[in-house]
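Presented below is the structure to which this report refers.
We use all heavy atoms of the structure for the numbers below, so side chains are in, but hydrogens, waters and symmetry mates are not. Whatever order the structure lists them in is the order used to number ligands and atoms, beginning at 1.
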Amino acid sequence: MSGRGGKRRLAVIGHPVAHSRSPAMHNAALTELGLAGEWSYEAIDLAPEEFEQRVRALEGEGFVGANVTVPHKGAALALADTLSETAREIGAANTLSFAGGEVRADNTDAQGLLDALPDSPAGTRALVLGAGGAARAVVWALAREGAEVDVWNRTPLRAEHLCAELGGRPVKSNPMDIRCYGLIVNSTSVGLRDEDAFAELPFEAAQLEEHHTVADLVYAGRPSQLLTIAAHVGAAYVGGLEILVRQGALSLEIWTGRSAPLDVMRSAVAEQDVSR
Ligand code: NAP
């Protein structure tokens, strides 16, 4: 169904959501694809208690899909009528599609991470930092690709629960010996503010080496301390904005059936950085 002005509407739903780069990224992509006349993408701030009722009403308002972010990824899964296998196994959805009165839930965070990595993690020993919502998709994706996954979390019990559900092995030591890992993924929120990341994480900056690949899900207005050190030692690295672009590209492809223009989306999120 089309909404006001016949547009097919898309949105990112979060709480808060005003900071989201997804509207700029998706509207730039829709323009590049020649779809901006028919499609639009906006931000919707919904408190948890409003989520289910409003999401159920979105199709009637002309929405064909939505990204879902903190704190709604679990609720999105719970309200959906049909689930992709990935969303069901991870236990969280970041992409909803509305058609025929039904809500379908997908998770593009997992494949988005894999697409952003410079190499396949198959056969790699990987250290995942964090056991929150983002870590779920990371652990699931790496384990499914055949990586050997260790999970460290500040609160060890959460890592134990996550591994029991999704695979991987909880590790507790702090400091850790990270020489054995090929891939290190930061899926904690460490790095969002100006804190010293290495005061919060279980290894020192000097332990990062050229043979590591470092992925940092956090994105702020500057390169993270973790990635700055990774670049300095000649390690391969990928930042949170590229991971954001890759999950967004997969969502856009689900809704429109068109290949997403990655470079246009990268420029749109980077421009937002400068103008913040
Ligand atoms: P979350 O569910 O709130 O989990 C936060 C995680 O960070 C937990 O593991 C928490 O450990 C850990 N943590 C927080 N403060 C810490 C500290 N000072 N020292 C050590 N660990 C700390 O959040 P989330 O949804 O998983 O998101 C995590 C980060 O990923 C956020 O920065 C988010 O913006 C980012 N993200 C990026 C993308 C992308 O596309 N690039 C997608 C999703 C998320 P405890 O369990 O001990 O509290």
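Legend: residues meeting side-chain hydrogen bond (donor to acceptor under 3.5 Å, both in side chains) with Ser187, ordered by chain and number and at least two apart, are absent. For Glu204, the side-chain hydrogen bond (donor to acceptor under 3.5 Å, both in side chains) criterion is met by no residue, not counting sequence neighbours.
We find that Glu38 and Arg9 are not joined by a salt bridge, their nearest charged nitrogen and carboxylate oxygen being 4.0 Å or further apart. The pair Glu160-Lys172 meets the salt-bridge criterion, since a charged nitrogen lies less than 4.0 angstrom from a carboxylate oxygen.
A ring-ring contact (aromatic ring centres under 6.0 Å, His included) check over residues 223-265, counting only residues at least two apart or in different chains, returns the pairs His26-Trp255.
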Filter the ligand 1-protein atom pairs down to N or O on both sides and distance under 3.5 Å, then list them.
| unit_1 | atom_1 | unit_2 | atom_2 | d |
| --- | --- | --- | --- | --- |
| ligand 1 | 2 (O) | Gly133 | N | 2.9 |
| ligand 1 | 7 (O) | Ser189 | N | 3.2 |
| ligand 1 | 9 (O) | Ala131 | N | 3.0 |
| ligand 1 | 9 (O) | Asn153 | OD1 | 2.6 |
| ligand 1 | 11 (O) | Asn153 | OD1 | 3.3 |
| ligand 1 | 18 (N) | Arg154 | NH1 | 3.3 |
| ligand 1 | 18 (N) | Glu200 | OE1 | 3.0 |
| ligand 1 | 26 (O) | Gly133 | N | 3.1 |
| ligand 1 | 26 (O) | Ala134 | N | 2.7 |
| ligand 1 | 41 (N) | Leu217 | O | 3.0 |
| ligand 1 | 41 (N) | Gly240 | O | 2.9 |
| ligand 1 | 46 (O) | Asn153 | ND2 | 2.8 |
| ligand 1 | 46 (O) | Arg158 | NH1 | 2.7 |
| ligand 1 | 47 (O) | Arg154 | NE | 3.0 |
| ligand 1 | 47 (O) | Thr155 | N | 3.1 |
| ligand 1 | 47 (O) | Thr155 | OG1 | 2.5 |
| ligand 1 | 48 (O) | Arg154 | NH2 | 2.8 |

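Residues Thr86 and Asn107 have side chains that never bring a donor and an acceptor to within less than 3.5 angstrom of each other.
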